[in-house]
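What follows is a short report on a single structure.
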Amino acid sequence: MLYQSEGIVLDQQDLGETDKLSTIFTEEEGLVKAVVKGGAKPGSKLRGLTQPFTYGLFQLWRGRNFDRVTQVSVKDSFPLIMEDYEKMVYGRYVAELLITVLPERVRDQNQFRFVLSVFRCLEEKDDPWVIARWAELGILSLGGFAPTFSSCISCEKSLGEGPVYFSLRNGGALCADCIDEHSTPREVPEGSQIRQYDEIIKISPGALRTLQILSSKPISGSYQSDKLMCPRINAVGQVREEITLLLRKYMAFVLEKRLRSANLVESIEDARR
Ligand SMILES: [Zn+2]
């Protein structure tokens with residue numbers, strides 16, 4: 001059966017000697033794996049149209065194992081991501097995160113629209129770190145793993161003044177009054193592997209405020225448009241380091257695995273410190 005949907009290519013791999021297999025996030029059918037017949041042959045027209053970050057209208061044939069791409073009408077290929085090494089690394093990371101979080105063949109229009117905004121903002125903005133953190137929080141939230149930064153997850157008091165804590169296990173922030181009931185805060189050595197999942201991480205007021213701004217949009221319901229305003233924050237120094245570390249730990253906890261592309265992202269971030 002032939003069907004048509006807008007979609008964005010997240011990954012492309014070799015399939016045998018002559019074909020390619022593209023992972024496409026489609027608006028109508030969710031995440032699908034689709035064969036590009038002859039896609040590995042030089043001069044193949046479909047090959048260039050089914051590479052990562054290609055956004056367009058796809059015509060697909062639904063198969064038993066994989067679908068098959070029959071036609072593509074490209075709307076955007078986000079060339080400024082592909083031309084910039086750092087942006088490309090971050091783009092690959094966002095794509096892998098999506099492939100990990102999304103179930104196959106489940107329609108999710110909010111996530112689809114949000115991701116288009118993420119790639120557009122990654123292309124437009126100079127600081128891919130901001131877009132990557134925004135993408136992580138938004139994709140996790142829409143996938144049902146929203147961490148809470150607006151109020152204490154225990155007593156629901158609004159947070160803002162003084163230090164607060166983040167509980168990986170509970171996926172949210174705790175105020176200083178509630179912290180003793182849950183666990184004892186402990187300094188976590190930088191770069192340590194997570195061993196205890198009930199770990200509590202201290203968050204400074206500056207980092208908390210930034211996390212609140214970064215996580216507010218997709219949760220507020222305005223993500224249905226693919227023309228979301230790109231986040232405009234300027235996180236530097238300690239605040240940036242805190243957020244980087246907290247989200248690395250939270251991502252590893254929620255996903256229960258390490259993304260392959262995380263190594264390159266982290267080497268770029270660690271080189272900047
Ligand atoms: Zn509390």
Original post:
With sequence neighbours left out, which residue pairs that include part of residues 76-114 fulfil the disulfide (SG to SG under 2.5 Å) condition?
Top reply: none

Subject >> Qualifying residues under ring-ring contact (aromatic ring centres under 6.0 Å, His included), relative to F53, sequence neighbours excluded >> reply: F119

Subject >> Beyond-backbone contact of R107 with L31, side-chain heavy atoms, under 4.5 angstrom >> reply: no

Original post:
Between R105 and E28, is a salt bridge (Lys or Arg N to Asp or Glu O under 4.0 Å) present by the stated rule, with each step listed?
Top reply: CA-CA 9 Å; R105 229 177 251 293; E28 302 301 326; over 6 Å; no

Original post:
Are any of the side-chain heavy atoms of K125 and V130 separated by less than 4.5 Å?
Top reply: no

**OP:** Nearest 0.5 Å please: distance from the CG atom of N110 over to the CZ atom of R113.
**Re:** 10.0 Å

Original post:
What salt bridge (charged side-chain N to carboxylate O under 4.0 Å, His left out) pairs are there with at least one residue in residues 140-155, not counting sequence neighbours?
Top reply: none

Subject >> Any pair counted as side-chain hydrogen bond (donor to acceptor under 3.5 Å, both in side chains), so long as it reaches residues 79-92, sequence neighbours left out >> reply: E86-R272, Y90-E269

**OP:** Determine whether V164 and L174 make a side-chain contact, defined as any pair of heavy atoms from C-beta on separated by less than 4.5 Å.
**Re:** no

Subject >> L49: hydrophobic cluster co-members (side-chain, 4.5 Å) >> reply: Y3, V9, I24, V32, V36, L46, F58, L60, V69, V72, V74

Subject >> Trace of the salt bridge (Lys or Arg N to Asp or Glu O under 4.0 Å) decision for D177 with K157 >> reply: CA-CA 10 Å; D177 293 339; K157 201 165 67 182; 2.8 Å; yes

Subject >> Electrostatic pair K202:E242 at N-O distance under 4.0 angstrom >> reply: no

Original post:
Should L159 and C175 be marked as a side-chain contact (heavy atoms from CB on, under 4.5 Å) after you check the CA-CA gap, both sets of side-chain angles, and the distance that decides it?
Top reply: CA-CA 7 Å; L159 302 165; C175 72; 3.7 Å; yes

Original post:
Does some side-chain heavy atom of Y55 sit less than 4.5 Å from a side-chain heavy atom of S77?
Top reply: no

Original post:
Restricting to pairs with a member in residues 231-273, which pass disulfide (SG to SG under 2.5 Å), not counting sequence neighbours?
Top reply: none

Original post:
Atom CG of L98 and atom CG of L142: how far apart are they, to the nearest 0.5 Å?
Top reply: 10.0 Å

**OP:** Verify whether one side chain among S215 and W134 offers a donor that lies under 3.5 Å from an acceptor in the other.
**Re:** no

Original post:
After noting the C-alpha distance and the side-chain angles of L259 and K257, does the key distance pass the side-chain contact (heavy atoms from CB on, under 4.5 Å) rule?
Top reply: CA-CA 6 Å; L259 302 183; K257 67 178 259 195; 4.2 Å; yes

Subject >> Aromatic ring proximity F149/F166, centre distance under 6.0 Å >> reply: yes

**OP:** Kindly state each residue pair satisfying salt bridge (charged side-chain N to carboxylate O under 4.0 Å, His left out) with at least one member in residues 43-62, sequence neighbours excluded.
**Re:** E29-R62

Original post:
Is any side-chain heavy atom of L97 less than 4.5 Å from a side-chain heavy atom of L255?
Top reply: yes

Original post:
Which residue pairs pass the salt bridge (charged side-chain N to carboxylate O under 4.0 Å, His left out) test when at least one of the two sits in residues 70-81, sequence neighbours left out?
Top reply: E6-K75

Original post:
Got a sec, which hydrophobics cluster with L2, joining ILVMFWY side chains under 4.5 Å apart, including via others?
Top reply: W61

**OP:** Kindly compute the distance separating CZ (R258) from OG1 (T100), expressed to the nearest 0.5 Å.
**Re:** 12.5 Å

**OP:** Could you pull out all residues at least two apart from E156 that satisfy side chain to side chain donor-acceptor pair (under 3.5 Å)?
**Re:** none

Subject >> CD on Q4 to OG1 on T26, rounded to 0.5 Å >> reply: 12.0 Å

Original post:
Is it the case that one hydrophobic cluster holds both F66 and I8, taking links as side-chain heavy atoms less than 4.5 Å apart, direct or via other members?
Top reply: no

Original post:
Are P231 and I131 close enough that some pair of their side-chain heavy atoms sits under 4.5 Å apart?
Top reply: yes

Subject >> Transitive ILVMFWY side-chain link F253 to L211, under 4.5 Å >> reply: yes

Original post:
With a 4.5 Å limit on heavy-atom distance, are the side chains of V118 and F114 in contact?
Top reply: yes

**OP:** Go through the structure and list residues passing ring-ring contact (aromatic ring centres under 6.0 Å, His included) with Y93, not counting sequence neighbours.
**Re:** none

Subject >> Gap between atom CG of L21 and atom CG of D11 - 0.5 Å precision >> reply: 8.5 Å

Original post:
How would you list, by chain and number, every residue that makes a disulfide (SG to SG under 2.5 Å) with C121, sequence neighbours excluded?
Top reply: C230

Original post:
Ion pair present between D67 and K37, side-chain N to carboxylate O less than 4.0 angstrom?
Top reply: no

Original post:
Taking NZ, NE, NH1 and NH2 as the nitrogens, is one of them in R133 or E136 under 4.0 Å from a carboxylate oxygen of the other?
Top reply: yes

**OP:** Test side chain to side chain donor-acceptor pair (under 3.5 Å) on S150 and Q212 and set out the steps.
**Re:** CA-CA 6 Å; S150 54; Q212 286 170 340; over 6 Å; no

**OP:** Side-chain contact test, heavy atoms from C-beta onward, threshold under 4.5 Å: evaluate it for L140 versus M251 and give yes or no.
**Re:** yes

Subject >> S22 side, atom OG; Q51 side, atom CD - distance, nearest 0.5 Å >> reply: 8.5 Å

